Amino acid sequence: MSIRIDHQKCTGCGKCREVCPGNLLQAADSGQTEITNPKDCWGCTSCLKECKCKAIQYYLGADMGGRGSLLCIRQEGNVLHWVVVLPDGQEKIITVDKNQANAY
Ligand code: SF4
Ligand code: SF4
């Protein structure tokens with residue numbers, strides 16, 4: 001269980017580093033973010049929600065029924081789109097209005 005950071009997209013803003021409860025995200029010499037101990041990531045997805053550059057993806061391995069799919073989050077105002085990208089490139093999207101979160 002871990003995340004992947006796309007360094008083609010990461011601007012080094014540091015928002016993800018501020019929210020990781022395990023303090024797993026650190027600034028590299030380049031200023032971009034790296035994960036120090038991927039095996040310690042427990043998949044809280046806080047960093048995904050903070051990253052406005054869509055640079056962080058979360059692995060959905062076989063242990064989570066994902067068979068190598070990747071999860072990312074796209075935000076539009078108060079709406080979060082949880083996007084699962086399947087190994088064949090297809091996308092499955094779950095949309096959640098944060099104002100209605102208690103209704104789910
Ligand atoms: S929030 Fe995204 S863009 Fe900012 S440092 Fe983290 S991975 Fe990079
Ligand atoms: S998913 Fe949670 S525990 Fe894992 S790196 Fe991101 S903020 Fe840290």
Side-chain angles (χ1 to χ4, degrees):
M1 179 182 300
S2 187
I3 59 163
R4 178 173 78 176
I5 300 171
D6 183 347
H7 287 142
Q8 299 292 321
K9 295 179 179 174
C10 175
T11 62
C13 71
K15 293 289 187 189
C16 58
R17 301 194 291 264
E18 294 173 7
V19 299
C20 178
N23 200 27
L24 303 174
L25 302 173
Q26 304 291 329
D29 290 344
S30 64
Q32 294 178 308
T33 293
E34 292 181 340
I35 183 164
T36 52
N37 292 300
K39 65 178 175 30
D40 290 340
C41 168
W42 62 88
C44 70
T45 70
S46 296
C47 57
L48 279 79
K49 287 184 251 185
E50 284 301 317
C51 184
K52 304 296 183 257
C53 303
K54 306 179 186 73
I56 306 178
Q57 292 177 305
Y58 180 69
Y59 287 111
L60 296 171
D63 56 333
M64 297 182 72
R67 298 180 183 169
S69 301
L70 293 165
L71 171 71
C72 63
I73 299 174
R74 298 174 190 153
Q75 190 162 353
E76 293 174 349
N78 285 322
V79 175
L80 294 178
H81 302 289
W82 296 72
V83 183
V84 177
V85 183
L86 304 176
D88 65 4
Q90 285 186 70
E91 291 186 350
K92 306 278 185 185
I93 301 175
I94 301 166
T95 297
V96 176
D97 182 341
K98 290 197 291 187
N99 290 333
Q100 302 294 323
N102 290 337
Y104 295 97

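Ligands are counted one by one from 1 in listed order, and the atoms in each one are counted from 1 as well. Note that the coordinates shown come from a computational prediction; the quantities given were computed from them, not determined experimentally.
Less than 4.0 angstrom separates some heavy atom of I56 from each of these atoms of ligand 1: 7 (S). Heavy-atom proximity to T33, at under 4.0 Å, picks out these atoms of ligand 1: 5 (S), 6 (Fe). Counting atoms of ligand 1 from 1 in the listed order, those under 4.0 Å from a heavy atom of C16 are 1 (S), 5 (S), 6 (Fe), 7 (S). Residue G12 approaches ligand 1 through these ligand atoms, each under 4.0 Å from one of its heavy atoms: 5 (S), 8 (Fe). Numbered from 1 in the order shown, with element, the atoms of ligand 1 that lie under 4.0 Å from a heavy atom of G14 read 4 (Fe), 5 (S).
For K15, the NZ atom counts as loosely surrounded, since its 6.0 Å shell holds 12 or fewer non-hydrogen atoms of other residues, nucleotides or ligands. More than 12 heavy atoms of other residues, nucleotides or ligands sit less than 6.0 Å from atom NZ of K52.
Side-chain N or O atoms of S46 include none that pairs as donor or acceptor with a backbone N or O of C20 at under 3.5 Å. With E34 contributing its side chain and Q26 its backbone, the two residues share no donor-acceptor pair below 3.5 Å. Side-chain atoms of Q32 never come within 3.5 Å of backbone atoms of G12 as a donor-acceptor pair (strictly under, hydrogens ignored).
If you look at T45 next to ligand 2, the close heavy atoms, those under 4.0 Å, all belong to the backbone. For T11, heavy-atom contacts with ligand 1 shorter than 4.0 Å involve the backbone as well as the side chain. If you look at C53 next to ligand 1, the close heavy atoms, those under 4.0 Å, all belong to the side chain.
Looking only at protein heavy atoms, the nearest one to atom 8 (Fe) of ligand 2 is C20 SG, 2.4 Å. Residue, atom and distance of the protein heavy atom nearest to atom 6 (Fe) of ligand 2 are C47 SG, 2.3 Å. Remark: minimum distance from atom 4 (Fe) of ligand 2 to any protein heavy atom is reached at C41 SG, 2.4 Å. In terms of protein heavy-atom proximity, atom 2 (Fe) of ligand 2 is closest to C44 SG, 2.3 Å.
Here the SG atom belonging to C51 is positioned 10.0 Å from the CD atom belonging to Q57, to the nearest 0.5 angstrom.
Here the side chains of I35 and S2 are in contact, with some heavy-atom distance below 4.5 Å.
Between the side chains of D88 and Q90, at least one donor N or O lies within less than 3.5 Å of an accepting N or O. Side-chain polar atoms of Q75 and H81 form no donor-acceptor pair below 3.5 angstrom.
Backbone or side-chain N, O or S atoms of C51 do not reach atom 4 (Fe) of ligand 1 at under 2.8 Å.
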